[in-house]
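Numbers here simply count residues along the sequence, with the first being 1.
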Amino acid sequence: MSKKHPVVAVTGSSGAGTTTVKRAFEHIFYRDGINAAVIEGDSFHRYDRKEMKAEMARAAEEHRNLSHFGPEANRFDLLQELFASYGESGGGKKRYYIHSQEEADEHNARLDTQLEPGQFTPWEDVPAGTDLLFYEGLHGLVVTDDVDVAKHVDLGVGVVPIVNLEWIQKIHRDNAERGYSAEAIVDTIMRRMPDYIRHITPQFSLTDINFQRVPTVDTSNPFIARDIPTPDESFVIIRFKEPEKLDVDFPYLLNMIPDSFMSRRNTMVVPGGKMGFSMEIILQPIIERMMDARQV
């Protein structure tokens, strides 16, 4: 934990809403003039796209599970090393996982390389003089027998839909964007489930704030759902682990966010369409206090 070089980690699986919270943080950083070192969780995968396919085939032959959710496919040690190093000195090593040709062109121009989508850029230093480190990915607060990433995080934010909604989003995305069959997607979900239970779910007990999207339409059989529930067909459950620690002003939040209400002493419920707005209203004063503490 570090006052001078704070680490903010947003953790949640793809499609959970991490893009929404990342955008909220970007707005906060822009308005307050905060220079953040942005770290993408994909950059700490152990294998590039080609290597992962080969490792998955080998794992299938050996009748064992391998997924991006678990430690075998990731470098949790290097992620812990980065968080610890940044907290101590504001420095560390990072790289990028290239998702698209557009990203490949950008990094090749910057690094004078010939990289392709599915590959990593070389390791490089985190830029000097940043105000905080912002991580967004699967494992921002992961804890195993060998590593404890969570202990180096100053603010942990979890973003997670209920599991049926998460599956619906994955099924629709993988089918529409990647052309996977329904059977292949279900196989992937089943293969990932042990790692999801062991390494993803426990993180949401360690976060300072959780944003959980809950649909108000029937998602009881996610494998036949034709549509992804819209934000207006959802509520967002916002759970604060220790409201006093974060100095949360619930009356102010309830007044600022229309149609919100308290369901427990540390839990707010807001309309799904207000998720991004709620994140900014809640997170901005917390980040500003972290920045003020750097001056102490």
* Separation of Thr219 OG1 from Ile228 CD1 (nearest 0.5 Å) -> 12.0 Å
* Would you say Tyr96 and Asp42 make side-chain contact, with heavy atoms under 4.5 Å? -> no
* In terms of side-chain heavy atoms, does Thr216 have a donor or acceptor partner in Glu233 at a distance below 3.5 Å? -> no
* Is there a side-chain contact between Thr121 and Leu111, using heavy atoms and a 4.5 Å cut-off? -> yes
* Taking atom types as modelled, is there a side-chain donor on Arg191 or Ser67 under 3.5 Å from an acceptor on the other? -> no
* For the side-chain contact (heavy atoms from CB on, under 4.5 Å) test, which of Thr267, Ile162, Asn210 pairs with Ile237? -> Thr267
* To do: Starting from the C-alpha separation in whole Å, work towards a yes-or-no answer on side chain to side chain contact (heavy atoms under 4.5 Å, CB included) for His5 and Leu133.
  => CA-CA 8 Å; His5 306 290; Leu133 184 147; over 6 Å; no
* To do: Using a strict 4.0 Å threshold on nitrogen-to-oxygen distance, state whether Glu55 and Arg58 make a salt bridge.
  => yes
* For side chain to side chain contact (heavy atoms under 4.5 Å, CB included), just list the numbers for Thr144 and Arg198, CA-CA rounded to whole Å, side-chain angles, deciding distance to a tenth of an Å, and then say yes or no. => CA-CA 9 Å; Thr144 71; Arg198 294 189 188 104; over 6 Å; no
* Can you tell me if Asp131 uses its side chain to pair, donor with acceptor, with the backbone of Ile34 under 3.5 Å? -> no
* Asked: Under 4.5 Å between any side-chain heavy atoms of Pro231 and Met275, yes or no?
  -> no
* **Atom pair CG (Asn65) and CE (Met56), whose distance is rounded to the nearest 0.5 Å** => 10.0 Å
* Has the side chain of Asn255 got a donor or acceptor atom that lies under 3.5 Å from a matching backbone atom of Pro251? -> no
* Parallel, tilted or perpendicular: rings of Phe261 and Phe235 (30°, 60°) -> perpendicular
* Asked: Between His139 and His199, does the ring centre distance come in under 6.0 Å?
  -> no
* Asked: Has Asn35 got more than 12 heavy atoms of other residues, nucleotides or ligands less than 6.0 Å from its CG?
  -> yes
* Asked: Do the side chain of Ser43 and the main chain of Glu40 share a donor and acceptor less than 3.5 angstrom apart?
  -> yes
* Does Asp77 offer a backbone N or O that forms a donor-acceptor pair with the side chain of Gln80 under 3.5 Å? -> no
* **Interatomic spacing from CZ in Phe277 to CE in Met256 - rounded to 0.5 Å** => 4.5 Å
* Where does the angle between the aromatic ring planes of Phe69 and Tyr196 fall among parallel (under 30°), tilted (30 to 60°) and perpendicular (over 60°)? -> tilted
* To do: Report yes if the side chains of Phe120 and His45 come closer than 4.5 Å at any heavy-atom pair, otherwise no.
  => yes
* For Gln203 and Gly140, indicate whether the former's side chain and the latter's backbone hold a donor-acceptor pair under 3.5 Å. => yes
* Asked: Within a reach of under 6.0 Å around CD of Glu62, are more than 12 heavy atoms found that belong to other residues, nucleotides or ligands?
  -> yes
* Write down the atom of Val7, the atom of His152, and the distance for their closest heavy-atom approach. => CB-O, 3.6 Å
* Asked: Heavy-atom count around Lys94 NZ within 6.0 Å, excluding the residue itself: above 12?
  -> yes
* What distance do Leu79 atom CG and Ile39 atom CD1 have between them, rounded to the nearest 0.5 Å? -> 9.0 Å
* Asked: Going by atom types only, do Tyr86 and Thr130 share a side-chain donor-acceptor pair under 3.5 Å?
  -> yes
* From CA spacing to verdict: salt bridge (charged side-chain N to carboxylate O under 4.0 Å, His left out), Arg64, Glu72 -> CA-CA 11 Å; Arg64 58 184 175 85; Glu72 289 184 62; 3.1 Å; yes
* **Between Phe76 and Phe44, ring centroids under 6.0 Å** => no
* Side-chain donor/acceptor of Asp148 to backbone N/O of Ala150, under 3.5 Å -> yes
* Heavy-atom check, side chain of Met52 versus side chain of Leu66, under 4.5 Å -> yes
* Are Arg265 and Glu244 close enough for a salt bridge, meaning some N to O gap below 4.0 Å? -> yes
* For the pair Thr11 (side chain) and Leu138 (backbone), establish whether a donor and an acceptor sit closer than 3.5 Å, ignoring hydrogens and angles. => yes
* To do: Please test Glu280 against Arg31 for salt bridge (charged side-chain N to carboxylate O under 4.0 Å, His left out), starting from the C-alpha separation and ending with a verdict.
  => CA-CA 11 Å; Glu280 294 191 39; Arg31 284 195 297 266; 2.9 Å; yes
* To do: Determine, step by step, whether Ile282 and Ile209 satisfy the side chain to side chain contact (heavy atoms under 4.5 Å, CB included) criterion, reporting the C-alpha distance in whole Å, the side-chain angles of both residues, the deciding distance to 0.1 Å, and the verdict.
  => CA-CA 10 Å; Ile282 291 167; Ile209 308 173; 4.1 Å; yes
* Audit row: Asp208, Lys245, salt bridge (charged side-chain N to carboxylate O under 4.0 Å, His left out) steps and yes/no -> CA-CA 9 Å; Asp208 297 292; Lys245 172 186 171 183; 3.4 Å; yes
* Between Ser85 (side chain) and Glu81 (backbone), is there a donor-acceptor pair under 3.5 Å? -> no
* **Value rounded to 0.5 Å, distance of CG in Asp195 from CG in Asn74** => 9.0 Å
* Asked: For Thr230 and Asp232, does a side-chain donor sit closer than 3.5 Å to a side-chain acceptor?
  -> no
* What's the spacing between Leu115 CG and Asn108 CG if we round to 0.5 Å? -> 5.0 Å
* Asked: Can you tell me if Asn221 uses its side chain to pair, donor with acceptor, with the backbone of Phe223 under 3.5 Å?
  -> yes
* Asked: Are any of the side-chain heavy atoms of Met291 and Pro6 separated by less than 4.5 Å?
  -> yes
* Is any side-chain heavy atom of Thr207 closer than 4.5 Å to a side-chain heavy atom of Val153? -> no
* Asked: Would you say the ring centroid of Tyr97 lies under 6.0 angstrom from that of His99?
  -> yes
* Would you sort out whether Val269 and Ile238 count as a side chain to side chain contact (heavy atoms under 4.5 Å, CB included), showing the intermediate values? => CA-CA 6 Å; Val269 182; Ile238 307 171; over 6 Å; no
* Test log, rule side chain to side chain donor-acceptor pair (under 3.5 Å), inputs Arg213 and Ser234 -> CA-CA 7 Å; Arg213 185 174 161 212; Ser234 309; 3.0 Å; yes
* Using 4.0 Å as the upper bound for N to carboxylate O, is an ion pair formed by Asp48 and Lys50? -> no
